Every structure is written in C-alpha cells, then in structure tokens.
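Computed from a predicted structure; not experimentally measured.
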Amino acid sequence: MRLVRSLLRPIRDTIGTMISDHDAMAAALAEARLAAQAGEVPIGAVAVHNGDLLARGQNRVLRSNDPTAHAEIVALRAAAAALGNYRLDGVTLYVTLEPCAMCAGAMIHARIDKLVFAADDPKAGACGSVLSVLNHPKLNHQMWAERGLLAEESAELLRTFFRERR
C-alpha cells in the first residue's frame, strides 16, 4: 500500500511552526555531508515531529564500530530519547537514501507515520527497490512512504564519495 502526498506539503504544528519537506530533506543532506567529511558513507536522516526538527542522524558505522549505526537508526534513537518513548507516533523521517531492511524494520517497530527518502538504493533498498519491507500486508503497522525528493543531490553526493575512494 503506497500512499502519495505532495512532496512540498508543509508540516504544521499546533503553534503554526512549519518546516517543508524540502527543508527537512535539505537538513538530512547536510547530515550526509558531515558523514562524508568524517569518512563515513554520506547518508543523513532527520526526524520531524509536529513541525519541529526533533532529531538528526548520520552514518556512524565506522566511528562507532557499530554495524547498526546507520543514519536512520541514529535519528530514531535520538528521536525516542527526545520524546521519552520508543513509539514515535506523529514522526516523519527524512533520509537521503532508501533504507535497508534493518532500518525499515526499525521504522515499523517505532511506528513512525511517514518516511520520505531521496535516492533509490538498487543494491539494498527495502522500500521497493530490492525488497518491500514497508507496508507489507502481514505487518501490524503501515506508514506513508514517498521517494524522490532531492534524489539527484543525494545520488551525486554518494557517487562523488565513492569515486574519490577508488
């Protein structure tokens, strides 16, 4: 079940603060650039709740010696800490690359409302490219999923990173 909304729809909170999907993805791209500067694969994520930027994450696998320290997981952990709850109802996660199976599973368990990701991952994407973990009919949680916002910028950041390492 893939639900589609406008990619530039603003998110509003109860006091009128707004962050657009575009601005949230730009913040995720900034996190990805920071990851690249640290020698990590340049993937970034931000969590938005009630129109506010709640948490940021970037790949930290090498720096943390932790195979689960993907940008999405880092952002989900920070969001859960900020809200004081592992259930992230009302949270939208913005990620610069299509999440893997581990990250998609974590999003389902966290019960986020919506995922917006930039570039498809034809090698490990679990949101339709390789696997379809999100919104599987046998799972107990469904979420909105959108792809393609700032996809070219994200893909170019990844291409440049890997080109420089060859």
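For the atom pair CG of L150 and CZ of F117, the computed distance is 13.5 Å after rounding to the nearest 0.5 Å. The line from CG of N85 to CZ of R87 is 8.0 Å long, rounded to the nearest 0.5 Å. One finds the CG atom of L149 at 4.5 Å from the CE atom of M25 (value rounded to the nearest 0.5 Å). Considering NE2 of H141 and CG of L134, their distance stands at 9.0 Å, rounded to 0.5 Å. The line from CG of L97 to CD1 of I43 is 4.5 Å long, rounded to the nearest 0.5 Å.
Looking at heavy atoms from C-beta onward, I19 lies out of side-chain contact with D52 at the 4.5 angstrom threshold.
A continuous path of hydrophobic side-chain contacts links L88 to V95 [ILVMFWY only; heavy atoms under 4.5 Å]. Linking ILVMFWY residues whenever their side-chain heavy atoms come closer than 4.5 Å, directly or via other members, leaves Y86 and L115 in distinct clusters. The cluster map of Ile, Leu, Val, Met, Phe, Trp and Tyr, joined by side-chain heavy atoms under 4.5 Å apart, puts L158 and L62 in different clusters. When hydrophobic clusters are built by joining Ile, Leu, Val, Met, Phe, Trp and Tyr residues whose side-chain heavy atoms come closer than 4.5 Å, directly or via intermediates, L34 is not grouped with L53.
E72 has no carboxylate O lying under 4.0 Å from a charged side-chain N of R77, or vice versa, which leaves the two without a salt bridge. Remark: K114 engages E146 in a salt bridge, criterion side-chain N to carboxylate O under 4.0 Å. Salt-bridge check for D66 with R60: failed, with every basic side-chain N at 4.0 Å or more from each acidic carboxylate O.
Annotation for L54 and A79: closest pair CD2-CB, 3.7 Å, computed over non-hydrogen atoms. Looking at every heavy atom in both residues, R56 comes nearest to V46 through CG-CG1, 4.1 Å. Residues S154 and A119 approach most closely at OG-CB, 4.1 Å, considering heavy atoms. Among all heavy-atom pairs drawn from L93 and A45, the shortest one is CD1-CB, 4.4 Å. The two residues Q142 and H136 come nearest to each other via the heavy atoms NE2-O, 3.3 Å. Nearest heavy-atom pair across V61 and H70 is CG2-CD2, 3.8 Å.
A cation-pi geometry, defined here as NZ or CZ lying under 6.0 Å from the six-membered ring centre and within 45° of its normal, holds between R165 and F161.
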Would you mind writing out the side-chain donor-acceptor pairs for residues 98-113 within the sub-3.5 Å range, not counting sequence neighbours?
from, atom 1, to, atom 2, distance (Å)
E98, OE1, D121, N, 2.9
E98, OE1, S129, OG, 2.4
E98, OE2, C127, N, 2.8
E98, OE2, G128, N, 3.2
E98, OE2, S129, N, 3.1
E98, OE2, S129, OG, 3.4
R111, NH1, I108, O, 3.3
R111, NH1, H109, O, 3.2
D113, OD1, G90, N, 3.4
D113, OD2, G90, N, 3.0

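A donor-acceptor distance shorter than 3.5 angstrom exists from the side chain of T96 to the backbone of G44, with no hydrogens or angles considered.
Listed by chain and residue number, L29, L157 satisfy the side chain to side chain contact (heavy atoms under 4.5 Å, CB included) test with R33 (two or more places apart in sequence, or in another chain).
Between the side chains of E164 and T160, no donor-acceptor pair of N or O atoms lies under 3.5 Å.
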